[in-house]
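Worksheet: one structure, shown below.
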Amino acid sequence: MRIFVAGGSGVLGTRLVPLLVARGHEVVASTTSASKLELVQKLGAEGVVMAGLDADAVRKAIVAARPDAIAHEMTAISFAHAGKPDIKHPDRWFAGTNRLRTEGTDNLLAAARAAGVTRIVAQGYASWNGDPAGPPVQSEETTLNLMPGTASEAGLRALQHVENRVLDAGGAVLRYGALYGPGATDDQVELIRKRQYPLVGDGGGHSSWIHLDDAASATALAIERGVDGVFNVVDDEPAPARDWLPYLAECAGAKPPMRVPVWLARLLAGDQAVVMMTEGRAFSNAKAKRELGWELKYPSWRQGFRAELASSSLAKASR
């Protein structure tokens, strides 16, 4: 197929594009900067500069590309606050991404209609944000936690917007777990090494993780199979923070994380950190494995964290 990857120079796009090319597809990948066109081309794709918030530019790019399918991977996360996480103010940290998930999604879908494209796969999210009243591990039928009245609500509603619009258009939304891999968790690992990423309360909140390569392989399968609906793209081991955070610290060669009470974490890090670590509800990948025929390279974050950080340490040592 001929596939348009919107956001082809992002952390997930740079794993997805070469995978699609290797699987025999022609890929057109967008980036917001002309300076990244060479990167996109090295990945094997035809590059195009496109601002996702410019409806006319999006329409022209999609119509000119004449794709059979569109993958929506546009975010602005790497540009916000120089890439440093601001979990206390996710409304500020994700402001650009929230617009891409609302206005940008609408622009892509309008362009898809103009180009006659019906095969659409978009990026969603499923890590800790399941129904807090439900079981620790949940399915695609879950009503996601929108955290009303908090600084997280805007971003969670933007994700809801993606799901509603893409599903209405007959497409598929892949709810990725917390992404890790090259460029995806560097900032978190640095905070852990500085002991600035504490464990909150009892650390009983569950999260789901997914390596970038496994997220990319699920995305390729969803495009090729032309599926619709929602799919949780997460690994096989949803886990509480008290398990994954100390393990990540160990893999990073850091001291065990400090533990802070809920009241202090809420004051210093905000509501999202507290919910994630104490009330989080994770997700099952059974549907994605069953309906996509998806097999994971890293079935557990335990394998992935260690492999990724070992690779990162070797790369640093060779420089």
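Heavy atoms only: backbone and side chains are in, while hydrogens, waters and symmetry mates are out. Computed from a predicted model, the values in this text were never measured in an experiment.
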Exercise for review: Would you check if the side chain of Trp294 reaches a backbone N or O of Asp214 as a donor-acceptor pair within less than 3.5 Å?
Suggested key: yes
Check your understanding: Which residue, Lys297, Glu308, Arg15, Gln303, forms the side chain to side chain donor-acceptor pair (under 3.5 Å) with His211?
Key -> Glu308
**Study point:** Single-linkage hydrophobic cluster Leu109~Val173, side-chain heavy atoms < 4.5 angstrom
**Key:** yes
Review point. What are the two closest heavy atoms between Ser139 and Thr142, and how far apart are they?
Key: O-OG1, 2.9 Å
Exercise for review: Establish, from distance only, whether the side-chain atoms of Asn98 and His161 form a donor-acceptor pair under 3.5 Å.
Suggested key: no
Point to revise | Electrostatic pair Glu46:Arg2 at N-O distance under 4.0 angstrom | key: yes
**Study point:** side-chain hydrogen bond (donor to acceptor under 3.5 Å, both in side chains) involving Glu250 - partner list, sequence neighbours excluded
**Key:** Arg306
Check your understanding: Is a side-chain donor or acceptor of Lys287 paired with a backbone partner of Val230 at a separation under 3.5 angstrom?
Key -> yes
Review point. Do Pro67 and Val28 have side-chain heavy atoms sitting under 4.5 Å apart?
Key: no
Check your understanding: So, Asn232 side chain and Val234 main chain: donor-acceptor pair closer than 3.5 Å or not?
Key -> no
Review point. Taking the side chain from Arg193 and the backbone from Ala252, do they hold a donor-acceptor pair closer than 3.5 Å?
Key: yes
Point to revise | Path from Leu146 to Val162 over hydrophobic side-chain contacts below 4.5 Å | key: no
**Study point:** SB check Glu190 Lys194 (cutoff 4.0 Å)
**Key:** no
Review point. Any chance NZ of Lys60 has more than 12 other-residue heavy atoms, nucleotides or ligands included, within less than 6.0 Å?
Key: no
Exercise for review: Indicate the atoms forming the closest heavy-atom contact of Ala215 with Ile210, along with that distance.
Suggested key: N-CG1, 3.9 Å
Point to revise | Straight-line distance of Leu100 CG to Thr102 OG1, nearest 0.5 Å | key: 8.0 Å
Revision key, fill the gap. On a heavy-atom basis, the closest approach of Gly8 and Ala29 is CA-CB, 4.0 Å
Check your understanding: Under 4.5 Å between any side-chain heavy atoms of Asp235 and Tyr298, yes or no?
Key -> no
Point to revise | side chain to side chain contact (heavy atoms under 4.5 Å, CB included) assessment of Gln272 paired with Thr150 | key: CA-CA 8 Å; Gln272 184 168 307; Thr150 71; over 6 Å; no
Practice item. Check whether any side-chain heavy atom of Val17 lies under 4.5 Å from a side-chain heavy atom of Ile3, and answer yes or no. Key: no
Check your understanding: Sub-3.5 Å donor-acceptor pair from the side chain of His206 to the main-chain atoms of Gly204, do we have one?
Key -> yes
Check your understanding: Any chain of hydrophobic side-chain contacts (each under 4.5 Å) joining Val27 to Val48?
Key -> no
Exercise for review: Let me see the working for Met147 and Asp271 under side chain to side chain contact (heavy atoms under 4.5 Å, CB included), right down to the final yes or no.
Suggested key: CA-CA 9 Å; Met147 294 187 65; Asp271 295 304; 3.8 Å; yes
Review point. Hey, is the main chain of Gly7 close enough, under 3.5 Å, to the side chain of Ser30 for a donor-acceptor pair?
Key: yes
Review point. Can you tell me how far CZ of Arg59 sits from CG of Asn107, rounded to the nearest 0.5 angstrom?
Key: 12.0 Å
Check your understanding: At their closest point, which heavy atom of Ala76 faces which heavy atom of Gly96, and how far apart are they?
Key -> CB-C, 3.9 Å
Check your understanding: In Å, rounded to the nearest 0.5 Å, how long is the span from CG of Leu167 to CG of Asp228?
Key -> 8.0 Å
Revision key, fill the gap. Residues at least two apart in sequence or cross-chain that pass side-chain hydrogen bond (donor to acceptor under 3.5 Å, both in side chains) with Thr219, listed by chain then number, are Tyr176
Point to revise | Nearest-0.5 Å distance that lies between atom OG in Ser207 and atom CZ in Phe283 | key: 9.5 Å
Review point. Do Arg66 and Glu26 pass the salt bridge (Lys or Arg N to Asp or Glu O under 4.0 Å) test, and can you show the C-alpha distance, the side-chain angles, and the key distance before you say yes or no?
Key: CA-CA 11 Å; Arg66 297 175 291 103; Glu26 291 182 42; over 6 Å; no
Practice item. In sequence, state the C-alpha distance, the side-chain angles, and the governing distance for Asn285 and Leu296, and then conclude on side chain to side chain contact (heavy atoms under 4.5 Å, CB included). Key: CA-CA 10 Å; Asn285 62 16; Leu296 287 85; 4.2 Å; yes
Exercise for review: Identify, with sequence neighbours excluded, every residue that meets side-chain hydrogen bond (donor to acceptor under 3.5 Å, both in side chains) alongside Arg99.
Suggested key: Glu103
Check your understanding: Can you tell me how far the CG atom of Asn145 sits from the CD atom of Glu153, to the nearest 0.5 Å?
Key -> 10.0 Å
Practice item. For atom CD of Glu295, decide whether the heavy atoms of other residues, nucleotides or ligands shown that lie under 6.0 angstrom number more than 12. Key: no
Review point. Side chain of Gln41, backbone of Gly47: donor and acceptor closer than 3.5 Å?
Key: no
Practice item. Look at the side chain of Asp131 and the backbone N and O of Thr143, then say whether any donor-acceptor pair between them is shorter than 3.5 Å. Key: no
Check your understanding: Where the side chain of Lys36 meets the backbone of Val49, is there a donor-acceptor pair that is under 3.5 Å apart?
Key -> no
**Study point:** Main-chain N/O of Pro135 paired to Gln138 side chain as donor or acceptor, under 3.5 Å
**Key:** yes
Name each donor-acceptor pair under 3.5 Å that joins a side chain in residues 114-123 to protein atoms two or more places apart or in another chain, with its distance.
residue : atom : partner : partner atom : Å
Arg119  : NH1  : Ile223  : O            : 3.0
Arg119  : NH1  : Glu224  : O            : 3.1
Gln123  : OE1  : Arg101  : NH2          : 3.2
Gln123  : NE2  : Glu73   : OE1          : 2.8

Point to revise | Smallest separation among heavy atoms of Leu292 and Leu221, with atom names | key: O-CD1, 3.6 Å
Practice item. Check the hydrophobic clustering (I, L, V, M, F, W, Y; side-chain heavy atoms under 4.5 Å; chains of links allowed) and say if Val11 and Val40 are grouped together. Key: no
Exercise for review: Take Val21 and Arg23 through the side chain to side chain contact (heavy atoms under 4.5 Å, CB included) test and state the conclusion after the steps.
Suggested key: CA-CA 5 Å; Val21 171; Arg23 293 167 77 95; over 6 Å; no
Review point. Can you tell me how far CG of Leu108 sits from CE of Met74, rounded to the nearest 0.5 angstrom?
Key: 4.0 Å
Exercise for review: Could you pull out all residues at least two apart from Phe305 that satisfy ring-ring contact (aromatic ring centres under 6.0 Å, His included)?
Suggested key: Tyr180, Trp209, Trp301
**Study point:** side-chain hydrogen bond (donor to acceptor under 3.5 Å, both in side chains) partners of Glu163, counting only residues at least two apart
**Key:** Arg175
**Study point:** For Pro257 against Leu199, the heavy-atom pair lying closest together
**Key:** CB-N, 4.3 Å
Review point. Hey, quick one: are Tyr125 and Val137 part of the same hydrophobic cluster, counting side-chain heavy atoms closer than 4.5 Å, chains of contacts allowed?
Key: no
